[in-house]
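Below is one structure; the comments refer to it alone.
These figures come from a predicted structure and were not determined experimentally. Computed from heavy atoms alone, side chains included, the values below leave out hydrogens, waters and symmetry copies.
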Amino acid sequence: MAGAADGPLRGRTLAVKDVIDVAGRVTGAGNPVVASLRGPAPTTAPTVARLVAAGATVVGRTVTDELAWSLSGTNVHLGAPVNSAYPGHETGGSSAGSAAAVAAGVVDLALGTDTGGSIRVPASYCRLSAWRPTHGLVPVDGVFPLAPSFDTVGLFAAGDASGLLAIAADVLADGLSPAPAVAGVIVATDLLELVDAVVAAHVLAGAERLARTLEVPLVQREVLPVDPGVARDGFRTLQGGEAWRCHGELVSTGELDLGPGIAGRFAAAAQVTAAEEAAANTVRRAVRAALLAATAGGWIIAQPAARSPAPSLDIDLEAKAQGRPLTLALTSPAGLAGAPVVVVPLRPAGAPPLGLALVAAPNGDATALAAGQAMDHPT
């Protein structure tokens with residue numbers, strides 16, 4: 001789709017994750033059976049249309065993990081996109097192809113979706129700048145759902161293109177609301193405890209550099225009212241219940257030939273009870289209240305975007321299964337709060353990529369994006 005002749009994104013190229021509708025194309029959500037059951041989309045999703053109207057030219061579709069329910073990017077049907085920033089390692093998912101396309105320089109921008117970390121983790125693994133918006137800020141019309149109360153549509157840009165990311169975010173949001181300047185930086189010590197000493201040191205150094213650049217205070221403290229594992233489990237329960245309501249009938253037919261990890265998640269989702277969801281919603285409200293209080297007035301929470309650099313593509317399944325819950329414990333709080341997150345690289349080319357996640361108050365997207373721009377190039 002050719003971009004408009006004029007606009008803030010004129011001349012920029014764009015890739016679109018295969019859960020977002022483009023008129024005349026089939027949205028397959030990373031599964032060949034799903035693709036075979038769906039006809040070409042009658043209309044283009046507003047997210048694509050806005051970027052095209054601003055000048056961006058769509059050059060292709062990108063691979064996603066099946067039904068957008070994974071953090072690894074290793075689709076059993078379509079293969080694993082290449083992580084140019086860290087060859088031989090995962091790109092992260094589920095927006096795997098979008099991250100890979102930007103990391104390889106194939107496109108300037110790529111659309112992804114983020115329910116439980118599917119923009120934030122690939123950005124960290126591929127040394128990219130990325131934005132997960134406030135929940136509900138960007139329309140999800142024409143987007144294949146996973147868990148609607150968490151689903152968001154956001155963007156990837158190159159790791160040194162935080163300015164472009166901010167321009168495209170303003171377009172995607174149809175104009176970002178004014179937000180406070182960054183007032184201070186909180187290093188989330190309860191989340192920092194989930195990563196090893198090397199990752200924690202990089203996160204702390206990045207947070208200190210941000211505070212120093214902006215000449216704002218830096219504090220280190222816990223930000224959650226519950227253990228991070230409790231927040232993660234609450235998120236998993238709510239996500240699972242919603243995913244089953246969206247896709248349980250189709251999954252139950254057994255026709256999708258889902259990969260083992262995603263099949264297992266749907267099997268667990270089928271067992272979620274109303275009582276479990278009610279308890280998880282209590283956790284959601286508590287986490288949201290705590291993050292709203294922490295980020296009030298323009299404060300930014302700094303935390304790891306993922307538990308480690310990208311795992312090797314040949315990692316054994318047991319180690320992979322152990323790592324996913326730790327990363328999900330990092331990504332779940334912002335999801336429960338519906339908060340915006342900007343990811344920026346912490347390490348330069350030549351080192352294993354690692355991202356810093358900057359969390360702002362809901363509707364404080366402009367604050368988070370400004371913080372990302374202040375990080376500039378990693379040093």
Side-chain angles (χ1 to χ4, degrees), residues 30-32 62-100 103-104 112 114-128 146 191-203 228-229 232-233 235-236 239-240 243 251 254 256-271 304-332 343 346-347 350-355 357:
N31 182 276
T62 60
V63 169
T64 174
D65 279 308
E66 293 180 276
L67 281 63
W69 203 357
S70 179
L71 293 175
S72 66
T74 51
N75 187 308
V76 297
H77 305 287
L78 304 174
V82 173
N83 184 346
S84 299
Y86 198 19
H89 293 74
E90 294 179 358
T91 55
S94 64
S95 303
S98 290
D114 188 311
T115 301
S118 290
I119 287 174
R120 291 166 282 169
V121 173
S124 183
Y125 285 2
C126 295
R127 194 178 285 110
L128 300 176
L146 177 58
L191 298 179
L192 213 57
E193 290 173 357
L194 301 176
V195 301
D196 67 28
V198 173
V199 173
H202 279 288
V203 169
R232 175 200 61 218
D233 292 346
F235 174 86
R236 277 176 153 175
Q239 181 191 40
V251 170
L256 297 190
D257 190 24
L258 294 170
I262 293 154
R265 286 190 271 285
F266 272 108
Q271 306 303 314
R307 67 173 291 265
S308 67
S312 171
L313 285 170
D314 60 7
I315 186 174
D316 67 77
L317 292 179
E318 182 178 351
K320 190 170 184 175
Q322 291 173 349
R324 176 183 166 84
L326 291 173
T327 288
L328 199 58
L330 293 169
T331 61
S332 293
V343 176
L346 280 171
R347 287 170 165 169
L354 185 69

Where do [X] and [Y] come nearest, in terms of heavy atoms and distance?
| X | Y | value |
| --- | --- | --- |
| Ser124 | Gly355 | OG-N, 2.8 Å |
| Ala329 | Pro228 | CB-O, 4.1 Å |
| Ala85 | Pro353 | O-CG, 3.9 Å |
| Gly116 | Phe235 | CA-CZ, 3.5 Å |
| Trp69 | Gly240 | CH2-CA, 4.1 Å |

Step-by-step side chain to side chain contact (heavy atoms under 4.5 Å, CB included) determination, Arg324 to Ser72: CA-CA 9 Å; Arg324 176 183 166 84; Ser72 66; over 6 Å; no
Close side-chain approach of [X] to [Y], heavy-atom, < 4.5 Å:
| X | Y | result |
| --- | --- | --- |
| Pro81 | Thr62 | no |
| Leu256 | Phe266 | no |
| Leu192 | Pro304 | yes |
| Leu258 | Arg265 | no |

Okay, side chain of [X], backbone of [Y]: is any donor-acceptor separation there less than 3.5 Å?
| X | Y | result |
| --- | --- | --- |
| Gln239 | Thr115 | no |
| Asn75 | Thr64 | yes |
| His202 | Ala200 | no |
| Asp65 | Thr74 | yes |
| Arg232 | Leu326 | no |

Inter-residue atom distance Leu71.CG - Ser95.OG, 0.5 Å rounding: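 Interatomic distance, Leu71 CG to Ser95 OG, rounded to 0.5 Å: 10.0 Å.
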Approximate separation, where rounding is to 0.5 Å, of Asp316 CG and Gln322 CD: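 Between atom CG of Asp316 and atom CD of Gln322 there are 8.0 Å.
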Test log, rule side chain to side chain contact (heavy atoms under 4.5 Å, CB included), inputs Val76 and Glu66: CA-CA 8 Å; Val76 297; Glu66 293 180 276; 3.7 Å; yes
Working for side chain to side chain contact (heavy atoms under 4.5 Å, CB included), residues Asn31 and Ile262: CA-CA 11 Å; Asn31 182 276; Ile262 293 154; over 6 Å; no
Any pair counted as salt bridge (Lys or Arg N to Asp or Glu O under 4.0 Å), so long as it reaches residues 67-96, sequence neighbours left out: Glu90-Lys320
Member of Asp114, Thr331, Thr327 meeting the side chain to side chain donor-acceptor pair (under 3.5 Å) criterion with Arg120: Asp114
Would you mind writing out the side-chain donor-acceptor pairs for residues 306-314 within the sub-3.5 Å range, not counting sequence neighbours?
unit_1: Ser312; atom_1: OG; unit_2: Asp314; atom_2: N; d: 3.3
unit_1: Ser312; atom_1: OG; unit_2: Asp314; atom_2: OD1; d: 2.4

Partner residues of Thr91 under the side chain to side chain donor-acceptor pair (under 3.5 Å) criterion, sequence neighbours left out: none
